Participant: 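First, the structure itself, so that you have it in front of you.
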Protein chains: 2
Amino acid sequence: MASLTIIDIAKICGVGVTTVSRAINNHPDISEETKQMIMKVVRENNYVPNNNARNLKRTASKTIAVLIKGLNNPFFIRMIDLFEKGIKDKKYSFILHQVYEDQDEIEVANELIKEKKLKGIIFLGGYLSHSKEKLDQLTVPYVLCTVGLSSDFDHYNYSYVSIDDYAESYKMVDYLCKLGHTKIALISAKMRDRSIGQLRYLGYKQALEDNGIALDEQLVRPMKAHLESYSMENGYAVTKEMLEQGIDFTALFAISDSMAIGASKALLESGRSIPEDCSVAGFDGLDMAYYYHPSITTIQQPAAEMAEEAIKILFDLIHKKVTHVQKKFSATLIERPSTGKASR
Amino acid sequence: MASLTIIDIAKICGVGVTTVSRAINNHPDISEETKQMIMKVVRENNYVPNNNARNLKRTASKTIAVLIKGLNNPFFIRMIDLFEKGIKDKKYSFILHQVYEDQDEIEVANELIKEKKLKGIIFLGGYLSHSKEKLDQLTVPYVLCTVGLSSDFDHYNYSYVSIDDYAESYKMVDYLCKLGHTKIALISAKMRDRSIGQLRYLGYKQALEDNGIALDEQLVRPMKAHLESYSMENGYAVTKEMLEQGIDFTALFAISDSMAIGASKALLESGRSIPEDCSVAGFDGLDMAYYYHPSITTIQQPAAEMAEEAIKILFDLIHKKVTHVQKKFSATLIERPSTGKASR
DNA sequence: TTGTACGCGTTATCAA
DNA sequence: TTGATAACGCGTACAA
């Protein structure tokens, strides 16, 4: 029961602990023969080195952590897979660590750095509303990936990978305007959102303005605070409410694919057809948007390229090749059957 | 840079290390006064205890880990949330740990037990094809949740929470038969699957037999090995292939909602309508199945109850109130517009 | 190529 | 209520 230590193994093998340590860690200064012998004993007794003791002694390790706040966003789940593969390709270990709602990501990061002797961190999603001092506490390089930064942030002090939420939102709304829509509903972020949600809202606003359409506040609908953010359920609830209030619109743009799907359901359920009675557009480029029927027009984020670039930047930072890099990717508007010309 | 240790803090405070340790860990034997003083210094210098040293010395902790293989299954993601809340409600810490494809979950578990001094483990999803000896290596209580167990396992030696895959599959197929369908396609697990996938297949087979319908091997379609298991993409590919081969069926049962959605897309794309030309049924009870249009008939797993029960069993095991408990939940067939009476 | 002995930062034990 | 000190299990400088 009481698990074996390296000393036990050394005794069994009749060698010193150093030798066992060498065998386990593939050190060069050991004969192949003794190594095999030791490894055999290790396996037979299924000895597992104690990671705490290891990390306590170790000064460095080749591992990178991805910190994610919430696992409910399918887009992030996809990114995680990409990060895992990319990091393992570089012969680094990958750790996924969840940050809970009530936790401070910087503190969690610092603990993890100490504990695992991290080489670098990728923050995935969430919002960073920390002060500069707080962020400067981090002692290893990090890259923000699709992290909301409040607009008063000095962006050039950080490395990040994202898309241009403002421009992409503009692109979609402009596209809807060009289809002849003038009453375009927006399912937006929560009221106090000061980052991604706000940018997408501003893009919407500007596109309307540039197309000579007056902003109708009635058509801007923040997602429900009591429901999960960006979820299908939320898009459904918001849309249903609009329909019940008899609000008139010929197109609907939801700032996530999930919400677009929820919205579609509400529309279809009410007997409206897509896109004849109402066009629907989403944002993210999830598989789901394609498999929905009708397939949903969306802004596809280049997930693979973004993950790859984030990793590249992180390694450049680690190797001190760069100081700070900001990379904004352009996403692709994918036109699908859920959007069509305005009929009224 | 070089981070502070408990000794540094002790020096600054002019007390012994033991006292600092007591303050940090909320030990009783310390005066409120000195405790406040120490905590103030801790905060000011933002000292973070080294977890490795802690865990190395600690004999126990109040933490439970959920081990999950792959994050791609939306059903598991939902369960994770439930586990997190449930475990935190019990004032235990919760750790989510991902097991990668090439890793052995038992070994990962054992490492984690040592490292974090776990009190218990919940295995979520995946397949357990280990021998009894291997499982017996685990030194803390564990509960298998929705884990595939090969049929030759002696189930009574383990604690698990699941649904009766055989019976639920039977339920769905029987329901389709009663609607008058005789040509029911099945999108099943990969060929060599010996657990959940096989059980669902057997349920299908038996239901057909009991309804006097001969099994048509042409209608049983394992998901594609080169595509992600249970994914929309997989359901789409399989269904498209069937359609291209001109195979005739009036109902389709996919053993996951995701695959059912992919299948629906393939059907709708080909100009068929659901349920008029073909009924579609899924399995799991994901939100997605409801929001799809038409909403998809499915077998809804009682996720919340299952998570709750798994936690309860685990704590009972920890407190030695029980030895082994197996709990099979019954799921609910939710009838939705994607299924209807056979028209041919 | 191998072994001895020390230190990593913390908590537990015991004595004060 | 406090403090000194011995572990915890490992890696590694150094000696052999």
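All of these numbers come straight from a predicted model, not from anything done at the bench. Quick note on labels: first sequence line is chain A, next is B, and so on, each numbered from 1.
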Participant: Using OP1 and OP2 only, check whether a side-chain N or O of B:T19 sits under 4.0 Å from D:dT2.
Facilitator: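 No, B:T19 has no side-chain N/O under 4.0 Å of OP1/OP2 on D:dT2.
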Participant: Anything under 30° is parallel, anything over 60° is perpendicular, the rest tilted; go ahead and classify A:F123 against A:Y142.
Facilitator: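 It falls in the perpendicular class, over 60°.
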Participant: What integer distance in Å separates B:I6:CD1 from C:dA12:P?
Facilitator: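 Computing the B:I6:CD1 to C:dA12:P distance gives 11 Å.
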Participant: So, are A:K312 and A:E308 salt-bridged, with charged N and O less than 4.0 Å apart?
Facilitator: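 A:E308 and A:K312: not salt-bridged.
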Participant: Whether A:R54 contacts D:dC10 is assessed here as follows: a side-chain N or O lying under 4.0 Å from the phosphate OP1 or OP2. Is that the case?
Facilitator: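 Answer is no, no contact under 4.0 Å.
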Participant: Can you find a donor-acceptor N/O pair under 3.5 angstrom joining the side chain of B:K57 to the base of C:dA12?
Facilitator: no
Participant: Give the rounded distance in Å between these two atoms: CG of A:N52 and P of D:dC10.
Facilitator: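 So the two atoms are 10 Å apart, to the nearest Å.
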Participant: Could you state the atom-to-atom distance from CD1 of A:I30 to P of D:dG11 in whole Å?
Facilitator: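 Distance check: A:I30 CD1 to D:dG11 P gives 13 Å.
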Participant: Hey, is the main chain of B:S93 close enough, under 3.5 Å, to the side chain of B:K62 for a donor-acceptor pair?
Facilitator: no
Participant: Name each donor-acceptor pair under 3.5 Å that joins a side chain in residues 14-21 of chain A to protein atoms two or more places apart or in another chain, with its distance.
Facilitator:
from	atom 1	to	atom 2	distance (Å)
A:S21	OG	A:N25	ND2	3.4

Participant: Please classify the nucleic acid contact of B:N50 as base, sugar-phosphate, or nothing, using heavy-atom distances under 4.0 Å.
Facilitator: sugar-phosphate
Participant: On the side chain of B:T34, is there an atom forming a donor-acceptor pair with the base of D:dT2 - under 3.5 Å, no angle test?
Facilitator: no
Participant: Can you find a side chain N or O atom of B:S31 that sits less than 4.0 Å from OP1 or OP2 on D:dT2?
Facilitator: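 For B:S31, the contact criterion (side-chain N or O under 4.0 Å from OP1 or OP2 of D:dT2) is met.
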Participant: Distance check needed: D:dG3 P versus B:I9 CD1, whole Å only.
Facilitator: 15 Å
Participant: Could you work out how much the helix from C:dT1-D:dA16 to C:dA16-D:dT1 bends, comparing the axis of its first five pairs with that of its last five, to 10°?
Facilitator: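 Inter-axis angle at the ends, rounded: 30°.
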Participant: Report the distance from atom CG of B:N25 to atom P of C:dA12, rounded to the nearest whole Å.
Facilitator: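 Those two atoms, CG and P, are 7 Å apart.
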Participant: If the condition is ring-ring contact (aromatic ring centres under 6.0 Å, His included), which residues does B:F315 pass it with, not counting sequence neighbours?
Facilitator: B:Y92
Participant: For A:N26 and A:K35, which I'm curious about, is there any donor-acceptor pair between the side chains at under 3.5 Å?
Facilitator: yes
Participant: Above 12 or not: heavy atoms from other molecules or residues under 6.0 Å from NZ of A:K328?
Facilitator: yes
Participant: State which residues pass ring-ring contact (aromatic ring centres under 6.0 Å, His included) with A:Y160; sequence neighbours excluded, sorted by chain then number.
Facilitator: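 A:H155.
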Participant: If you draw a 6.0 Å radius around CD in A:E111, do more than 12 non-hydrogen atoms from other residues or ligands fall strictly inside?
Facilitator: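 Count over threshold, so yes.
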Participant: Counting any heavy atom closer than 4.0 Å, what does B:N55 reach on the DNA or RNA strands: base, sugar-phosphate only, or nothing?
Facilitator: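 Here B:N55 touches no strand at all.
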Participant: Give the minimum heavy-atom separation between B:A307 and B:L82, together with the two atoms involved.
Facilitator: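 Looking at all heavy atoms of both residues, the closest pair is CB-CB, 3.7 Å.
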Participant: Heavy atom of residues 111-121 of chain B under 4.0 Å from DNA chain D: which residues?
Facilitator: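 The stretch gives none, as no residue of it lies under 4.0 Å from the strand.
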Participant: Which nucleotide in the list D:dT12, D:dG9, C:dT10 gets nearest to the side chain of A:A53?
Facilitator: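 Of the options given, the side chain of A:A53 lies nearest D:dG9.
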Participant: With hydrogens left out and only the distance checked, is there a donor-acceptor pair under 3.5 Å joining B:T18's side chain and the base of D:dA4?
Facilitator: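 Answer is yes: a donor-acceptor pair is held.
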Participant: In this structure, how many angstroms lie between the C1' atom of D:dT2 and the CD atom of B:E32, rounded?
Facilitator: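 Result: 16 Å.
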Participant: What integer distance in Å separates B:K35:NZ from D:dT1:P?
Facilitator: 12 Å
Participant: So, is A:H27 close to the D:dT12 phosphate, meaning a side-chain N or O under 4.0 Å from OP1 or OP2?
Facilitator: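 For A:H27, the contact criterion (side-chain N or O under 4.0 Å from OP1 or OP2 of D:dT12) is met.
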Participant: Taking B:K69 as the fixed residue, which of B:E105, B:Q103, B:Q98, B:E101 is the one that meets the side-chain hydrogen bond (donor to acceptor under 3.5 Å, both in side chains) rule?
Facilitator: B:E105
Participant: Would you kindly give the CD1-to-P distance between A:I38 and C:dT1, to the nearest whole Å?
Facilitator: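 Nearest whole value for this atom pair: 13 Å.
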Participant: Is any side-chain N of the basic residue among B:E115 and A:K116 closer than 4.0 Å to the acidic one's carboxylate O?
Facilitator: yes
Participant: Categorize A:L56 for me: base, sugar-phosphate, or nothing, with a 4.0 angstrom heavy-atom threshold over every strand shown.
Facilitator: base
Participant: Using side chain to side chain contact (heavy atoms under 4.5 Å, CB included), reason through A:L96 and B:L71 one step at a time and then give a plain yes or no.
Facilitator: CA-CA 11 Å; A:L96 174 68; B:L71 283 174; 3.5 Å; yes
Participant: Need to verify one output field. Residue with the more 5' nearest nucleotide on DNA chain D, A:T5 or B:P28?
Facilitator: B:P28
Participant: Contact class for A:V17 (heavy atom, under 4.0 Å): base, sugar-phosphate, or nothing?
Facilitator: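 It contacts base atoms.
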Participant: Name the nucleic acid region contacted by A:S21, choosing base, sugar-phosphate or nothing; use a 4.0 angstrom heavy-atom cut-off, strictly under.
Facilitator: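 Contact class for A:S21: base.
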Participant: Can you give me the N/O atom pairs linking the protein to nucleotides 14-16 of chain C at distances under 3.5 Å, or say none if there are none?
Facilitator:
none

